[in-house]
Amino acid sequence: SMRSATYVHTGEHLSCAGCHEDKQRTPAPAAGRRPIALRRKPSKLAPDHPASRPLQFARLVQPVLDKHCAGCHAKQRAKG
């Protein structure tokens with residue numbers, strides 16, 4: 001799955017085996033058969049889900065901390 005960040009270092013190559021193919025084996029060439037992705041209509045494009053982008057603390061984590069944690073911790077600091 002490439003739903004998170006994928007990094008390729010110098011000299012490495014990134015390729016795609018296909019979303020619906022077996023990830024544990026190299027696909028055998030199928031004589032006369034079209035790839036699975038070409039056997040259906042194209043998907044409609046939709047905005048990315050926030051979790052599918054590379055992790056960004058300020059965008060994904062900090063709002064959760066602000067909503068659920070910051071208020072109580074601010075009160076504890078004021079008392080302490």
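His9 is linked by a side chain to side chain contact (heavy atoms under 4.5 Å, CB included) to Glu12, counting only residues two or more places apart in sequence or in another chain. The side chain to side chain contact (heavy atoms under 4.5 Å, CB included) search around Cys72 returns none, not counting sequence neighbours.
Residues Pro63 and Ala58 come closest through the heavy atom pair CD-O, 3.4 Å.
Leu60 and Val64 are members of different hydrophobic clusters when ILVMFWY side chains are connected at heavy-atom separations under 4.5 Å.
Contact of the Gln62 side chain with the Leu65 side chain is registered, since non-hydrogen atoms from C-beta on lie closer than 4.5 Å.
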